[in-house]
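One structure is given here, and the rest of the page talks about it.
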Amino acid sequence: VADTPRIAGIPRRQRAHLEERRAPPSRFHWLLALFAVAVLILVGRALYLHVMHREFLQQQGDARLLRVVPIAAHRGRLLDRNGEALAVSTPVDSLWIKPADFIQARARWPELHLLGLTPAAIDKLLRGRMGREFVYLQRHVKPHLAAQIMALQLPGLFAQREYRRYYPNGEITAHALGFTNIDDIGQEGLELAFNDALQGIPGSKRVIQNRHGHIIADVENIQMPRPGKDVRLSIDRRISYLAYRELNEAVTRHRAKAGSLVVLAPDTGEILALVNQPGYNPNNRRELHGSRYRNRAVTDVFEPGSTMKSFSIAAGLDSGKYLPATVVDTSPGTLRVRGYTVRDPRNYGRMSVTEVLKKSSNVGTSKIALALEPQQFWHILNKAGFGVPGGSGFPGEASGMLPFYRDWRPSSQASMSFGYGLNTTLLQLAHAYTIFANDGELRPLRFVATSAEETPLPGVPVISAATARAMRTMLEAAVIDGTGKLAQVPRYRIAGKTGTAHKAIKGGYAKDSYTALFIGMAPAARPRLLVAVFLDEPRVGGHYGGEVAAPVFATVMGGALRLLNIAP
Amino acid sequence: MIKYFLPLLLAALCFMSALALVLVRHENRLLFVELQKLQNARDELDSDWSRLQLEYSTLANPARVDRLARRQLGMYLPAPEEVVVIHLSGTP
C-alpha cells in the first residue's frame, strides 16, 4: 500500500487499528478538494475585500471610527489703555448628552446633584428630546467640576471645551464694552465693534472614537486653532471707575431717571470713559434688559439746550461780525421772531458777547445767530458733527438730527442757537466741544489706544484757531463767575458751559421735567481732558445744569487730572 | 557575483527602509503623544493664567482698593489746602 511508510513510526498495535479503519482513497481526495475549495473561497473573499473594495470599506470604517472635532479658539482680551484686563475669556466645559444612552443610567442620575440637577429636572429636559443625538445638559461648567462629573463615567454624557467671558470691572465698563453671547461672539458695544479682531479661528482635529462616541485617541491636528488678538482700548479703568461712582451718586442723590458721562482726550480723540446709569452687571445674564444695557451716551438723543450757545457764539466770532467784547443789547429780556418769543429769565440789558455766554442769555445768543446767514451757521454745526451719522463707530450709535438750512425759518434759527429744534447724543456733543480744545479742529473719535509710533489722524478745521482760543477764554469766564461756578476745580483753570433744557414731550415741552448738562475742559490754556455730564430728569435738589451736573464734572475732572498727573 | 550585487544591494536597502519606516512610525506615535501632553499642559496653564488674571483684576478693582484704603488704612483724598504744588522749572 502506498501510504504504509507514513505510519511507520506508530506502534504495531495502533497501526493495525488504523489500517483497519483507513478510509478509501477517493474519500480522502474529496476531502482534500473540499479544503482547497474552502481556502480558495477565503482567499477570493479576502482579495475581493482587500483589493477590489478596499477604498469603499476603508471609508466606511473610518466614518464609524474617525471623527473630525472642532477645537475652540480663545477670544482675545479687551485691555484698558494701561494694559489692565477689562474682558477675559476663561475655559469652561459644556456638558452634553446623547439621550438614548443617557437614559439607561437613570439609576445613577442622583449623582449629578453636584451640578444642582435633580432627576426630575433631567426628565423634564429630556421630554420631547429623546430622539436627538445632542442635548446640552449644562453649559459653562467650571473645568474642575466638569472633570469631577466626567469621572462618574455615565454613559452618553460628554464634555466640550468652550470659553466664557468675564468682565472683572462689572458695571463700570459694562456699557462701553458691551457683551458676548453664550457662544462668545460679540453682541453689543465694543465686543461687537471689534469682534473680527477678537474672535479667533477655531481649529479641528481628527480623533478615534469608540462605539459609544467617546474619544479614545487623537490621530492628527488638521488645523490648529488661531486665538483672537487682544485689543488695547482707549478706555482708562481708573477714570471709568471714578466717573461711574460719581455719576451713580449724582443720579441717586437727585433721583434722576438716567445719566451719562463721557471723558475724552481732545488732542487724540480717545474716549477715556463712557459710563451710564442705570447700569448692569455684564457677568450676570439675567440683568440684560434693553433699558439697562443701552449705552445712552451713544444711542439716546436729547436737545442740547444752552450747551449749544458755545457753537452759536463761536459761529458769530468766526464770521468776523462779533468780538468777545462786542456789545449786544438784550433788553427788554424778550425777543420776538416771527410770532415766536425768545425769553431770558430777566432783562440783562446791554452786555458783551462774553457776558452773553457767561449769563447764558437766550436773547443775546439768538441775536448773534440771527445776524448770520443760515447756511453759514448750519455749516459750522454740520462740520462739528451735529446730525452726522457714525462719528465714533460705536454699534447702534444714533446720528442726532440737524435740520437742513433750507428748511429753517428765522424762529428755528433762533431756537437752534440755544439748543432747541435739533438733537444730539452726549458723545456727539462732547466730540463737537473738542473743537474748542483743539484750536478749531475736529479730530475723529477713537476707542483704540494710540501707540507712540503712529501719527495722529489729521483733524477737520471747523472754526479758526483764534476763535477757538477766544471761546476757551469766554468759557473759562463762565466757570469763574458765570453759570458754571460749581464746576471749579481748585488750582486748575476750567473752561465749560452749563445747560438746562426742558424735555420735549408730545405737542411741546414739559413744564417741570428737565435735562441737566455740563461740558468742560481743563487745563483751559491747553486742554488735555474734556468731560461731559448729562442727567435726565433730576427731581430732587435742583434741576439746573449748573447745580446738578457741574459738581459731578468738578469731581470727575479733578480726579482724572490727578490720575493722569496733569499739572495745574 | 557581480551580477547579483545590484539586486542584493536593493534588497538590503529595501529591508532597511522597511525597518526605518517602522521606526519612524513608532517615533511619530511617541511624539504625537508628547504633543498631546504638552498641549494639555498648555491648556491647563492657559486656564490658570486667565483665572489668575481675573483674580488679579477683581482684587485690584478700583472700587475695592478705594474701600480698603478708606476703611482699613484710614486714607483720604487730601483737601486742596493740604496740597503744595512744586514747579520744578521755576515758573508754572
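The chains referred to below are lettered A, B, ... by the order of the sequence lines, with proteins before strands, and numbering in each begins at 1.
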Inset, instruction - Evaluate the criterion side chain to side chain contact (heavy atoms under 4.5 Å, CB included) for residue pair A:M224 and B:Q39; output intermediate values, then yes/no. - result: CA-CA 11 Å; A:M224 291 295 280; B:Q39 270 172 351; 3.4 Å; yes
Legend entry - Check: B:D66 and A:R245 side chains under 4.5 Å, non-hydrogen atoms: yes
Legend entry - Side chain / backbone / both / neither for B:V83 at chain A, heavy atoms under 4.5 Å: both
Legend entry - Side-chain touch B:N61/A:I172, heavy atoms, less than 4.5 angstrom: yes
Inset, instruction - Would you mind telling me which of A:A85, A:G559, A:G558 has the largest number of heavy-atom pairs within less than 4.5 Å of chain B? - result: A:A85
Legend entry - A:R81 atom CZ: more than 12 heavy-atom contacts under 6.0 Å: yes
Legend entry - Over 12 foreign heavy atoms within 6.0 Å of CZ, A:R226: no
Legend entry - Pairs of heavy atoms under 4.5 Å with chain B: top-ranked of A:R77, A:E84, A:R238: A:R77
Legend entry - Side-chain touch B:S57/A:L86, heavy atoms, less than 4.5 angstrom: no
Inset, instruction - Give, for atom NZ of A:K205 and atom CD of B:Q36, the distance between the pair rounded to the nearest 0.5 Å. - result: 6.0 Å
Inset, instruction - May I ask you to name which of B:A63, B:A60, B:S47 has the most heavy-atom pairs under 4.5 Å with chain A? - result: B:A63
Legend entry - Residue A:S89 versus chain B: region with a heavy atom under 4.5 Å: backbone
Inset, instruction - Look up atom CD1 in A:I71 and atom CG in B:D43, then write down how far apart they are to the nearest 0.5 Å. - result: 9.0 Å
Inset, instruction - Answer with side chain, backbone, both or neither: which region of B:E55 has an atom nearer than 4.5 Å to a non-hydrogen atom of chain A? - result: neither
Inset, instruction - Measure distances from A:L242 to the heavy atoms of chain B and classify the residue's part below 4.5 Å as side chain, backbone, both or neither. - result: neither
Legend entry - Chi angles and distances behind the side chain to side chain contact (heavy atoms under 4.5 Å, CB included) call for A:R562, B:L77: CA-CA 11 Å; A:R562 184 175 55 79; B:L77 270 183; 3.5 Å; yes
Inset, instruction - Heavy-atom pairs under 4.5 Å with chain A are the metric here; pick the option from B:T58, B:L54, B:L35 that has the most. - result: B:L54
